[in-house]
Amino acid sequence: MSDVFISQQSYGKDNIRLIKVFRNKNWHEVVELTIDVLLDGDFTAAYTEADNSKIVATDSMKNTVYILAKQSSNVQNIELFATEIGRHFIFTYSHVSQANVSITKHKWTRMLVDGKFHDHSFYRDGEDTHNAKVIVTRINNNDDENSIKIESIESGLKNLLVLKTTGSKFSGFIRDKYTTLPETNDRILSTSIDATWTYNIISPNVTSSIENIIKFEFDNIFESIRSITLNTFATHDSESVQATLYLMANSVLKSHPQIESIRYELPNKHSFAYDLERFGLKNGESSEGNDADIFVPFDKPNGIITATISRKKELL
Ligand SMILES: O=c1[nH]c(=O)c2[nH]c(=O)[nH]c2[nH]1
């Protein structure tokens, strides 16, 4: 008898790249996705006995994604498509207990050519992405709808790079023998915004059916959260990244009762005024030095400010 055991396993295919073209005569739409599929279930023998009889080959998972992409009418709605993929694996293989499907949607923005939207040409309008992560689980071994549960749906945005040239301060922090950073009432603020949020429509009592969530306007909510995030960044006078993060999250939770919680990860991409005094030049005229115009962006190390803001649960 071995005195070790597998306390966790999941395996699957990462980085399945997919483009789907929607053709309406000459007018085309395009969706580009990167998809990760991870399965949990009764796979112990593959590790401990080298018994592959229950293995769904990761190559087959990849094929499955392309087949479902062909058949599905929800590929452009990544929360729904991820749910369809997850449900497929639970339905098809009785020893699979959980499917974790993550999808990244990349940007393709239609080109304006001579003032007219082009019917089949697109450009990458920023590296920021829309993301979804869906976990589908088996709750019993019946072969029907009731055996499947959508455990969670998480959506997000990633790599939304922003910068403002004023309207950001940082002061009042601890000053001790370790401190060299001067206080500032005017600095460049730049960050690459990652946000993920969860929905309260996915309650423990809501089971599987895609119909339960298909009416849910994931894309509209995504666009709204993106614009709330950008508007808050631009318009609010920031006392710190922490305060800005909280304001963004608060505003999202106020505007969207369906959102249970939202997490932001905000790297502080520092830029410091360059010392031009050495060359007999003034970097800005004011005595506080806050009207400098020549800065050095510092890549690493960077600050990283993260927080999850959740709705208080009402006491019953
Ligand atoms: O907004 C900020 N928050 C911090 O915690 C911090 N720390 C730091 O050095 N600069 C900043 N800026």
Side-chain angles (χ1 to χ4, degrees), residues 14-15 17 31-36 78-79 82 102-109 122-133 153-171 173 181 184 186-198 218-253 255-256 259 261-274 290 292-310:
D14 258 0
N15 295 308
R17 297 196 55 195
V31 176
E32 180 175 346
L33 308 179
T34 303
I35 301 163
D36 302 339
I78 57 175
E79 287 83 359
S102 302
I103 301 186
T104 300
K105 176 151 81 175
H106 306 280
K107 272 184 150 179
W108 284 120
T109 302
F122 306 84
Y123 68 104
R124 174 93 4 123
D125 179 17
E127 292 301 324
D128 53 309
T129 57
H130 176 178
N131 299 67
K133 181 174 177 190
I153 298 184
E154 204 178 84
S155 301
L157 58 86
K158 240 183 170 350
N159 300 328
L160 181 57
L161 185 57
V162 292
L163 177 148
K164 64 199 268 185
T165 51
T166 188
S168 168
K169 308 173 186 162
F170 187 58
S171 62
F173 49 89
L181 185 74
T184 175
D186 194 1
R187 64 176 180 174
I188 286 180
L189 182 60
S190 179
T191 184
S192 174
I193 301 170
D194 286 1
T196 48
W197 54 91
T198 57
F218 293 104
D219 279 352
N220 289 347
I221 293 175
F222 171 83
E223 290 302 337
S224 167
I225 291 178
R226 188 173 184 279
S227 88
I228 289 170
T229 301
L230 289 175
N231 289 354
T232 308
F233 179 83
T235 57
H236 133 258
D237 273 338
S238 174
E239 294 289 339
S240 66
V241 176
Q242 286 90 333
T244 302
L245 181 159
Y246 185 71
L247 216 67
M248 287 171 173
N250 223 338
S251 180
V252 166
L253 292 172
S255 302
H256 293 287
I259 305 291
S261 70
I262 180 160
R263 175 175 180 77
Y264 281 100
E265 300 194 9
L266 303 180
N268 191 356
K269 296 180 152 297
H270 310 291
S271 292
F272 296 113
Y274 197 68
N290 60 5
D293 56 359
I294 302 299
F295 292 84
V296 195
F298 270 81
D299 191 13
K300 290 172 185 155
N302 59 275
I304 177 78
I305 315 298
T306 71
T308 305
I309 316 298
S310 304

Task: T196 and R263: side chain donor to acceptor below 3.5 Å - done: no
Open item on the list: Pair Y123, T109 - check side-chain contact (heavy atoms from CB on, under 4.5 Å), show working.
Closed with: CA-CA 5 Å; Y123 68 104; T109 302; 3.9 Å; yes
TODO: Assess whether side-chain contact (heavy atoms from CB on, under 4.5 Å) is satisfied between I221 and S155, documenting all intermediate values.
DONE: CA-CA 10 Å; I221 293 175; S155 301; over 6 Å; no
Open item on the list: Taking atom NZ as the centre, does K164 end up with more than 12 heavy-atom neighbours from other residues, nucleotides or ligands that are less than 6.0 angstrom away?
Closed with: yes
TODO: Compare every heavy atom of L33 with every heavy atom of V31, then report the nearest pair and how far apart it is.
DONE: CG1-CD2, 3.5 Å
Task: Distance-minimising heavy-atom pair for W197 and A195 - done: CZ3-O, 3.9 Å
Tell me which donor-acceptor pairs under 3.5 Å the side chains of residues 244-252 have, and how far apart each pair is, sequence neighbours excluded?
unit_1 : atom_1 : unit_2 : atom_2 : d
T244   : OG1    : S238   : OG     : 2.7
T244   : OG1    : S240   : O      : 3.0

- [ ] Report the C-alpha distance between L160 and R226 in whole Å, list the side-chain angles of each, state the deciding distance to 0.1 Å, and finish with yes or no for side-chain contact (heavy atoms from CB on, under 4.5 Å).
- [x] CA-CA 9 Å; L160 181 57; R226 188 173 184 279; 3.6 Å; yes
Open item on the list: To the closest 0.5 Å, what do you measure between CG (D125) and CH2 (W108)?
Closed with: 10.5 Å
Task: Side chain proximity check, I225 to I262, heavy atoms < 4.5 angstrom - done: yes
Task: Sidechain-backbone polar pair: D36 side chain, N15 backbone, donor-acceptor under 3.5 Å - done: yes
Open item on the list: Contact between L163 and T165 at the side-chain level, heavy atoms closer than 4.5 Å - yes or no?
Closed with: yes
Open item on the list: Closer than 3.5 angstrom, by distance alone: can the side chain of T129 be matched with the main-chain N or O of K105 as a donor-acceptor pair?
Closed with: no
Task: Note, S192 side chain near K269 side chain (heavy atom, < 4.5 Å) - done: yes
Open item on the list: Which heavy atom of S190 sits nearest to which heavy atom of V162, and what is that distance?
Closed with: OG-O, 2.9 Å
Open item on the list: Regarding H106 and T34, do their side chains bring together a donor and an acceptor under 3.5 Å, going by distance alone?
Closed with: yes
Task: Note, I103 side chain near I35 side chain (heavy atom, < 4.5 Å) - done: yes
Open item on the list: Whether the side chain of D186 engages the backbone of K169 through a donor-acceptor N/O pair (distance < 3.5 Å, no angle test) should be reported.
Closed with: no
TODO: Indicate yes or no: at least one non-hydrogen side-chain atom of T191 is less than 4.5 angstrom from one of V241.
DONE: no
Open item on the list: Between K107 and D128 (salt bridge meaning N to carboxylate O under 4.0 Å), is one present in this structure?
Closed with: yes
Open item on the list: Tell me whether R124 is salt-bridged to E32, with the criterion being a basic N under 4.0 Å from an acidic carboxylate O.
Closed with: yes
Task: Neighbour count >12 (heavy atoms, 6.0 Å) for atom OH, Y274 - done: no
TODO: Keeping the roles fixed (side chain from S224, backbone from N220), state whether a donor-acceptor pair exists under 3.5 Å.
DONE: no
- [ ] With rounding to the nearest 0.5 Å, note down the distance linking CD in E265 to CD1 in I305.
- [x] 11.5 Å
- [ ] Dump the intermediate steps for side-chain contact (heavy atoms from CB on, under 4.5 Å) on L189 and F233, then the final yes or no.
- [x] CA-CA 9 Å; L189 182 60; F233 179 83; 3.8 Å; yes
Task: Donor on one side chain, acceptor on other, H130 and E79, under 3.5 Å - done: yes
Open item on the list: Rounded to the nearest 0.5 Å, what separates atom CG in D194 from atom CD1 in I304?
Closed with: 7.5 Å
Task: Whether over 12 other heavy atoms sit under 6.0 Å from K133 NZ - done: no
Task: Spacing of I78 atom CD1 and I153 atom CD1 [to the nearest 0.5 Å] - done: 11.0 Å
